[in-house]
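Here's the structure, in structure tokens; my notes come after.
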There are 2 protein chains.
Amino acid sequence: MRKVTLQDLADTLGVARSTVSRALRADPQISVATRGRVDRLARAVGYHPNAAARALTHREAGVVGLVLPRSAHFVFANPYFAELLEGIASVAESVGLPILLSASTTPDYERWLREARVDGLLTLGSSLGESDIQRLEALAAGGAAVALVGEPIRPTDLRVLVCDERPGIDQACERLANDGHECVTLVTGPAHAPYARSRSAVWRSAAERHGLQILRSITGDDTFDAGRDAARVLLGSRCAATAWLFGNDHMAFGALHALDEAGLRSPDHVSVVGFDDVMAAALVGLSTVHQPIRELGTEAMRALAAELRQQPRSGTPLVTRFVPRRTSASPLSASRHSSEGGHIDISEP
Amino acid sequence: MRKVTLQDLADTLGVARSTVSRALRADPQISVATRGRVDRLARAVGYHPNAAARALTHREAGVVGLVLPRSAHFVFANPYFAELLEGIASVAESVGLPILLSASTTPDYERWLREARVDGLLTLGSSLGESDIQRLEALAAGGAAVALVGEPIRPTDLRVLVCDERPGIDQACERLANDGHECVTLVTGPAHAPYARSRSAVWRSAAERHGLQILRSITGDDTFDAGRDAARVLLGSRCAATAWLFGNDHMAFGALHALDEAGLRSPDHVSVVGFDDVMAAALVGLSTVHQPIRELGTEAMRALAAELRQQPRSGTPLVTRFVPRRTSASPLSASRHSSEGGHIDISEP
DNA sequence: TTGTAAGCGTTATCAA
DNA sequence: TTGATAACGCTTACAA
């Protein structure tokens, strides 16, 4: 099927290409009569301007690239990203910016920009290293629109969308302390990931502020399996912590699963607190720090769109809050149900 | 930043555009010497051919469109799609086909094809009506590559990827019958969605085959909320069914949530069986019919890639199987536990 | 109000 | 082995 072009329309109407072009874009200098004829014909034959040709003349693709961290598996298995994507996709649709998806670990995104396949990039999850940031800054300096979701490894002039983790984490620690917890365990995200380090630091300072001692800290990689494994280790080592604090819900889910396998339940055996408040958290009753994930996505996409139009930055600050559910309770009441006594096992935090 | 073009390279090297073009694509007719010079320079300046220009001359975009059913919210809130996307994205990456994402309810996809923005379409979830199928068939006849995931409303020559729902559903009904269930309730997906109707028919025939009476059937819209609402209705009406069968896990999760709200548990009060076996199903112990979702995604993307290259069809048949977990049990043993309430851990039957 | 023509960055078909 | 040159489909000065 040969696709219908502007020239085809012009030929059948007996006018010039340019006339058709102008008519279609409602140029006021075109007579109403011809414009009507053109519109009618275009609609009749289902004409749509060729995107490549437009991109070539306009020097812009009208598409933005979405850069996913790590593998497709990592991203899509994690409900956090599903919610983020939801926010992003809905705004993308409403502003008419198609999204090009890359789940590549190699910096595909740079090629996309150099090929002019996309006008801008939205990078998620910020497992971006220093070299990535430099690359992105260079691309932005070269005219590309760039926005990051999540705290980057260092301050940058790129648009960054984050949400303030402190209030929610502080509330969580306050609540745990008030409930009578004294010793906790921290299970954080990967040490090389800046957001994980910063979140971990926030947990630590909040714990200290509320008199919670961090008996032990484990580094996971933010996956379900990491949480499960961490929990197994903790269960095996009979750590005396009465609460486990996780860097994200996904790991907390893994821990709940491990508890379940071991025939134990939260909060009877131990309180479990997550971070993110993905939808499944409410379902399983996970106490967690709520982050407005969807809003993070919508704000990010809006920011990117604004950057494309070179509009000034404007952001609604996003904040976290603690959502207590079933998996956190006073260790005193919980200990009644607990079958195990406490062997204390203090390791370096 | 003016982007570097083929002409730029040619100018600085003092050769013709066409020479550079050929050198870069390793045309054997180019001398090794000039090819080396070209390659070196191209790499040095970070040259990448403009995608729009290529698309224009090649008459193909090198991009495929992903058509999501309904809203972004519906899709991303449903873990089924997350897993499907994972499969799709990973293959897309490995075959080097970027994915353009549309979460639009309006047939954006047709425009994308007419604009030559994409060479093919992968449509998910098949909430496609007759008119959609006709449109897609016409587009396919016009040279577009099209693949559908999920049973369409009627037979079609388009590539369709499905997985055989019968074995898993049959096993589920057999197991329920063996466990002593006699009366069940069916909560299906939307009546207008072909896949939901066909799945519902499969449930019905399997139930009949194994002597399970369907006391009642409710139509939901495949969302968490629909499952929750269905469960509330069932709880309110004191339906005598000892098992609830769902059209997908997402609705089953909603039902579990409603049970939880009512202070009831599955399988103590009622057995709950889902369909899909998304990852969260294992976490909450949902008995469900397993569908190889990720494989469905990878197969679909592979099929689309094959279609683009006009390669013959070849498919691995995908099948379902029942995965009994905690939410299904004998109604007899369950009733014993239901009076005890509280902290009891129900082990698998 | 409309037509002509140049250009966007590549590729491909000729010649040279 | 390389160089002109004509597409590809659209936009946009500049003329008419």
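What you are looking at is a predicted structure, and each value in this text was computed from that prediction instead of being measured. Residue numbers begin at 1 in each chain, while the letters A, B, ... track the order of the sequences.
The separation between A:Q7 atom CD and D:dA6 atom P is 17 Å, rounded to whole Å. One atom, CG of B:L9, and another, P of C:dT11, lie 12 Å apart when rounded to the nearest Å. B:I30 has its CD1 atom 10 Å from the C1' atom of D:dG3, to the nearest Å. The CG atom of A:D27 sits 17 Å away from the P atom of D:dC10 (whole-angstrom rounding). One atom, CG of A:D11, and another, C1' of D:dG9, lie 13 Å apart when rounded to the nearest Å. A:L24 places its CG atom 13 Å from the P atom of D:dT12, with the value rounded to the nearest Å. The interatomic distance linking A:L13 (CG) with C:dT2 (P) rounds to 11 Å, in whole Å. If you measure from atom CD of B:E115 to atom P of D:dC8, you get 20 Å, rounded to the nearest angstrom.
Of the two residues near DNA chain C, A:G14 and B:L6, the one whose nearest nucleotide lies more 5' is A:G14. Comparing A:H48 and B:T34 by the nucleotide of DNA chain D whose heavy atom lies nearest to each, the residue mapping closer to the 5' end is B:T34. Annotation: of the two residues near DNA chain D, B:Q29 and B:L56, the 5′-most nearest-nucleotide partner is B:Q29.
Side-chain proximity of B:T19 to C:dG9, D:dT2, C:dT2: nearest is D:dT2. Closest to the side chain of B:T57, from the set C:dC8, C:dT10, D:dG3, is C:dT10. Across D:dT11, C:dT10, C:dG3, the shortest atom-to-atom separation from the side chain of A:A16 is found for C:dG3. Closest contact between the side chain of B:P49 and the listed nucleotides C:dT10, C:dC14, D:dG9 involves C:dT10.
For the atom pair CD (B:E86) and CZ (A:F81), the distance works out to 12.5 Å, reported to the nearest 0.5 Å.
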**Item:** Intermediate values then yes/no, side chain to side chain contact (heavy atoms under 4.5 Å, CB included), A:E137 and A:L158
**Value:** CA-CA 7 Å; A:E137 284 175 338; A:L158 299 168; 3.9 Å; yes
**Steps toward side chain to side chain contact (heavy atoms under 4.5 Å, CB included) verdict (A:V67, A:L128)** = CA-CA 10 Å; A:V67 182; A:L128 303 170; 5.5 Å; no
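Within the structure, a side-chain polar atom (N or O) of A:S31 is placed less than 4.0 Å from OP1 or OP2 of C:dT2. Between B:R25 and C:dT11 there is a side-chain N or O to OP1 or OP2 distance below 4.0 Å. Of the side-chain N and O atoms in A:R17, none sit less than 4.0 angstrom from OP1 or OP2 of D:dG9. Side-chain N/O atoms of B:R54 include one lying less than 4.0 angstrom from OP1 or OP2 on C:dT11. Not one side-chain nitrogen or oxygen of B:S21 sits closer than 4.0 Å to the OP1 or OP2 atom of C:dT10.
Although no hydrogens or angles enter the test, the distance criterion places no donor-acceptor pair under 3.5 Å between the side chain of A:N78 and the main chain of A:V75. For the pair A:D119 (side chain) and A:A61 (backbone), a donor-acceptor distance under 3.5 Å is present.
Residue-to-nucleotide contacts include no donor-acceptor pair under 3.5 Å from the side chain of B:R37 to the base of D:dT2. Counting distance only, with no hydrogens placed and no angle test, the side-chain atoms of B:S18 and the base atoms of D:dA4 include a donor-acceptor pair under 3.5 Å.
Between A:T298 and A:S90 there is a side-chain heavy-atom pair separated by less than 4.5 Å.
As judged by a 4.0 angstrom heavy-atom cut-off over every strand, A:R59 is placed among residues touching the sugar-phosphate backbone only.
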